[in-house]
Amino acid sequence: MKTAAIFLRKKRLVNALFAVYLLLVLRLTVFRPDFWPLHLLQGSVGAEPWSYYPAYIQQGRWNALLRDFLWNYPGNIVGFLPLGGWMVWRDCRCPLWKAAVVGLALSVAIEASQYVFSVGITSVSDLMTNTLGAWLGGWMMKESQWDARRRAE
């Protein structure tokens, strides 16, 4: 009985931390300081990063290239790791494709909101990297669960 109570407290804590994570993601992506609901449908679909990277290289703008590359790709992947990890933690039988689909759905919602409310830049590369991040988060959680089961045996 005591073990069940500890598990429920742990589960509530992890779910609460996940809710904080979701709020933080929405704050960073949609509800930015320039968010204003009256700017409807004035957003822009941005050029994909790989389209302007050659110009950065030709101009020798290595700092801008590095900063932009690190923000766009690894930043988006790392930002969605908790989503996939939480889904697999919640249900260890959750297939990785499901974590990826939920990551894609959340990413589409964020990108659409950015476009509708004119905050940020909507791009396909964000969809790809966010989906990959959710999948990787689920995979990492599955691996850690498998490793924990193997050690317990």
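What you see is a predicted model; the values in this text were computed from it and never measured.
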May I have the list of side-chain donor-acceptor pairs in residues 93-105 shorter than 3.5 Å, sequence neighbours left out?
| unit_1 | atom_1 | unit_2 | atom_2 | d |
| --- | --- | --- | --- | --- |
| Arg93 | NE | Asp91 | OD1 | 3.4 |

How long is the straight-line distance from [atom2] of [Y] back to [atom1] of [X], given to the nearest 0.5 Å?
X      : Y      : atom1 : atom2 : value
Ser144 : Trp139 : OG    : CH2   : 10.0 Å
Leu83  : Met87  : CG    : CE    : 6.5 Å
Ile77  : Thr129 : CD1   : OG1   : 6.0 Å
Ile110 : Asn130 : CD1   : CG    : 6.5 Å

*Do Trp135 and Val108 sit in the same hydrophobic cluster, where Ile, Leu, Val, Met, Phe, Trp and Tyr count as joined when their side-chain heavy atoms come under 4.5 Å apart?*
no
*Answer with yes or no whether the hydrophobic clustering places Val119 together with Phe31; edges join I, L, V, M, F, W, Y residues whose side-chain heavy atoms lie under 4.5 Å apart.*
yes
*Does the side chain of Asn15 come within less than 4.5 Å of Trp86's, by heavy atoms?*
yes
*4.5 Å side-chain heavy-atom contact, Lys142 and Trp89*: no
Heavy-atom closest contact ([X] atom, [Y] atom, distance):
X      : Y      : result
Ser107 : Leu127 : OG-CD2, 3.3 Å
Asn72  : Asp126 : OD1-OD1, 4.3 Å
Gly79  : Tyr21  : O-OH, 2.6 Å

*Considering residues at least two apart in sequence or located in another chain, which fulfil the side-chain contact (heavy atoms from CB on, under 4.5 Å) criterion with Gln145?*
Val88, Cys92, Met141, Arg149
*asked:* Going by the rule side-chain contact (heavy atoms from CB on, under 4.5 Å), which residues pair with Leu22 if we only count those two or more places apart in sequence or in a different chain?
replied: Phe18, Leu106
*Report yes or no: does Gln114 contribute a side-chain atom to a donor-acceptor pair with the main-chain N or O of Thr29 at less than 3.5 Å?*
yes
